[in-house]
Each structure stands twice: as C-alpha cells, then as structure tokens.
Amino acid sequence: MSGVTFLGSGGGRMVVLNQMRHSGGFWLKLGDVNILQDPGPGSLVMVHKHALKPSSLDAIVLSHRHIDHSNDINVMIEAMTGGGFQRRGRVIVPPDCLNNDPVVLQYVRPFSEIVEIKEGMKISIRDINISFPIRNMHTVETYGAIYEFNSRRLGYIPDTEYFPELARAFQGVDFLIINVVRMTTDNRIRHLNIKEAADLIGSIKPKIAILTHFGLQVLKASPDHQAMLISERTGVKTIAANDGLSVSFE
Ligand SMILES: [Zn+2]
C-alpha cells in the first residue's frame, strides 16, 4: 500500500503564522518506506495526531529552508532516531540548510545520514528511487522531487516561480503534488499562482494532481473550487488537500 497523508495544507505567512491551516508537510508511505517531506511548524504534533510513527521514518526531505517547510526538522530528526540513541534514516536537504545560518542543527547531524541535494541527483532507499530533477526559482535554494515506487512516479513541485523547464522536468509522473500559495503573482516572493499551477498540470498531465500549501488568497478563493476549475480546464483530476487528507497511490 502506498499513499500520502497531508499533515498540513497551509502555506505563506498569514495562513501558517495564524494556523488557519496546519503546516506540517506530508508523509509518504511508499511500500514499506516512510518519508516525511517538508516538516513545517506543528509537524511533530500532527504526526502523532494521525498515529504515524516517527521511528518508522526512513528519510526526512526538505525542499528548502523557509520556516513553513523546515521548522520541525530538528525535532523530527530526534523523533526518527529515538532522541539520537538509534542512529538511522537519512536527512536529505539543500546545501544551504547546512551552511550559513543552518536550519539543521549541528548536534543532531550525527544521528542520521546527511545527504546534500544537487540538481539531477538520484538516490535510492531500498526499492524506492528519488530524483531531484531541477532547481526551482525561489528566494532560497529549492528542489522538488520525483519519487519512483512500484513502477509509478510521484512528482512534488514545491515553492517556485513559474518557468517553462518545470513542465519538462516533471513529464511522465503519475501523481503530482504542487504548492500553490497565491492567486496573483508577487515578484518579491517567487511563488506559483493558480493559473501557472493549472498550466503546469495541463502540460504535465498526471493521472491525479493535488494542490496544497495554500496562502490566504487561495483559501479565500476556495481551494476545492479552484481544483474543480483546473480539472475542467485541463481534463486532469485535480483535488485540493486539506489537513489530514490521505490519498492512495494504488
Ligand atoms: Zn518558500
């Protein structure tokens, strides 16, 4: 059994700081491999709320260092490793999460294997292959991922401004999770708006697209309604995440 559980579906300052939606990232169960992607504020709490076991994690992956994606990384490393007493798992992060002003604290690094993401990198965890096909265009170093499991592929496009190579990089995925913070573009913060997300879904053509990481503009415009409009426009079944949503990849 493979699937995703959204620990949170909020993004952007207003939504996350006021917890209008939760913000803990998402938990992937791909066969017997468990991966936590982007443990934002509250991730530890939501993991326990959903009766998930941090000690079963094989990896924690950060797309980038922004606090709505990385706040709980250190406490989740401790939770994965029994407070550091059972060294295990991998922590897979962009290099700028480790260097200046690091979000991964020095003292937790020996608890796990630290892997620095590079554009084009491929790694395996047992029978799961993970690739990082392209560096996003965001205000800090940011990478999406393609998770390959049981001859299916899940793509994750985190925070980025739109650029056409994105569609090529994620071509052929069966499932696509895409962060949509805004309805309109604000060039200072480099996020996809809803129309750009729809364009990407329309050209990547996954079997199912899941929108998440909603900022205030998208919440006000009803993520469910926006997902329905994208489904109609692209012909791709598109759904909006909510806190606690689980989607099966079977
Ligand atoms: Zn960001």
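Whatever order the structure lists them in is the order used to number ligands and atoms, beginning at 1.
- At the Zn ion (ligand 1), the vertex angle linking OD2 of Asp159 with NE2 of His138 is 100° (nearest 10 degrees).
- One of the N, O or S atoms belonging to His64 lies under 2.8 Å away from the Zn ion (ligand 1).
- For a distance bound of 2.8 Å, the N, O or S atoms of His191 include none lying that close to the Zn ion (ligand 1).
- Counting only residues at least two apart or on different chains, the side chain to side chain donor-acceptor pair (under 3.5 Å) pairs with a member in residues 201-210 are Asp174-Lys207.
- Salt bridge annotation for Arg126-Asp32: present, with a cationic side-chain nitrogen under 4.0 angstrom from a carboxylate oxygen.
- As for His66, its N/O/S atom nearest the Zn ion (ligand 1) is the one called ND1.
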Given Asp101 and Arg65, is the salt bridge (Lys or Arg N to Asp or Glu O under 4.0 Å) satisfied, shown in steps?
-> CA-CA 10 Å; Asp101 190 19; Arg65 58 177 288 123; 3.2 Å; yes
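- For Phe249 and Phe149, the ring centers sit closer than 6.0 Å to each other.
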